[in-house]
Protein chains: 2
Amino acid sequence: MSPLQAASCCGPIDDLLDPELFKALCDATRARLVGCLIKCGRACSVSEVSECCSVDFSVVSRHLQLLERAGILTSAKQGRTVRYAVKYGPLCQTLRSLADAIAHYCPADQATPCSGGCCTPR
Amino acid sequence: MSPLQAASCCGPIDDLLDPELFKALCDATRARLVGCLIKCGRACSVSEVSECCSVDFSVVSRHLQLLERAGILTSAKQGRTVRYAVKYGPLCQTLRSLADAIAHYCPADQATPCSGGCCTPR
DNA sequence: TGTTTGTTTGCGTCATCATGCAAGTGTATT
DNA sequence: AATACACTTGCATGATGACGCAAACAAACA
């Protein structure tokens, strides 16, 4: 199959390769923010999160909004503070689905059946 | 634990959240190229790949180089043609490792033990 | 009501990057 | 050797985006 033919046959991989998720994580500052929130394991206010970054407070606020729109975080307003938390389940699910979708197209001669099956079709 | 404290305790998640991988996939054109190559399932020349995109040939060449540097593709030169292929194994492995690393920090009350364990620590 | 606190938004600036064109490099063919 | 082919690279341009500052907004508190 040629790449041109492959382009026209759609599958779950096309939705999972949506650039929005990757756009959210491609920035170093945002990656750091997400990393802190993941390791933190609880909902954090914007002020708290901004402590682990040297950028301006307003920048952190904007980054967190973007990460929420990308489906990585959730926000909950309590009084005047806004708490952001990682959506662990959906995030992991998306990454695993993407890995599965990619592995689905892996030719048999490249599949590694051993060690966790990183690339086992079906 | 505060986000600031979380920032200082390093783990595998910090390496896996490396923005380079996401930078490679955050562009719509590159995502499309990768999608075609994944579905294609074989090594393709630059000319072939450029057929499934409306952008200039040179742009595709640059994108493929970037994707190779990001560890998503491999290249092999045969005569005057260069063939790019998806590194299915490492790519899937990275995505799964990232999902595992994220799930590791998932608080117990958010874990979903059912249906494939999308967020099961360890 | 006025003030403080937590967060968002408008705006200007600078850097990065995707793109197309033209020119260059390297390899096969005649 | 000359030409054609596959690809890469230099350069200019336009668009996107990260950032900081200041102002605005909203909720609690005096």
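By convention in this document, chain letters (A, B, ...) are assigned in the order of the sequence lines, proteins followed by strands, and residues within each chain are numbered from 1.
Using a 4.0 Å heavy-atom distance criterion, R30(B) is classed as a sugar-phosphate-only contact. Here V59(A) lies in heavy-atom contact (under 4.0 Å) with a base. Counting any heavy atom pair closer than 4.0 Å across all strands shown, S58(B) reaches a base atom.
Separating the NZ atom of K77(B) from the C1' atom of dA6(D) is a distance of 9 Å, rounded to the nearest angstrom. If you measure from atom CD of E51(A) to atom C1' of dG6(C), you get 13 Å, rounded to the nearest angstrom. One can place CG of D56(A) at 14 Å from P of dT7(C), the figure rounded to the nearest angstrom. Remark: P of dC17(C) and CG of L25(B) are 15 Å apart, rounded to the nearest angstrom. For the pair L67(B) CG and dT8(D) P, the interatomic distance rounds to 13 Å; values are reported in whole Å. Atom P of nucleotide dC19(D) and atom CG of L64(A) are separated by 12 Å, given to the nearest angstrom. Q65(B) places its CD atom 15 Å from the P atom of dC17(C), with the value rounded to the nearest Å. For F57(B) and dT25(C), the CZ to P distance is 18 Å, given to the nearest whole Å.
For H63(A), the side-chain atoms get nearest to dA18(D) when compared with the rest of dC5(D), dA27(D), dA18(D). The side chain of V82(B) sits closest to dT8(D) out of dA18(C), dT8(D), dG6(C).
Judged by atom type and distance alone, R62(A) reaches the base of dG20(D) through a side-chain donor-acceptor pair under 3.5 Å. Taking only distance into account, the side chain of T81(B) never meets the base of dC5(D) through a donor-acceptor pair shorter than 3.5 Å. With hydrogens and angles left out, the side chain of R80(A) and the base of dT7(C) share no donor-acceptor pair within 3.5 Å.
One N or O on the side chain of D14(B) and one on the backbone of G11(B) form a donor-acceptor pair closer than 3.5 Å. With R32(B) contributing its side chain and C52(B) its backbone, the two residues share a donor-acceptor pair below 3.5 Å.
Side-chain N/O atoms of S61(A) include none lying less than 4.0 angstrom from OP1 or OP2 on dG6(C).
In terms of position along DNA chain D, the nucleotide closest to L66(A) lies nearer the 5' end than the nucleotide closest to the other residue of the pair G79(A) and L66(A). Residue-to-nucleotide proximity on DNA chain D shows that, of Q78(A) and K23(A), the 5′-proximal contact is made by K23(A).
The CD atom of Q110(B) lies 10.5 Å from the SG atom of C92(A); values are rounded to the nearest 0.5 Å.
The pair K87(B)-E68(B) does not meet the salt-bridge criterion, since no charged nitrogen lies less than 4.0 angstrom from a carboxylate oxygen.
Residues F22(B) and L98(B) share a closest heavy-atom pair of CZ-CD2, 3.7 Å.
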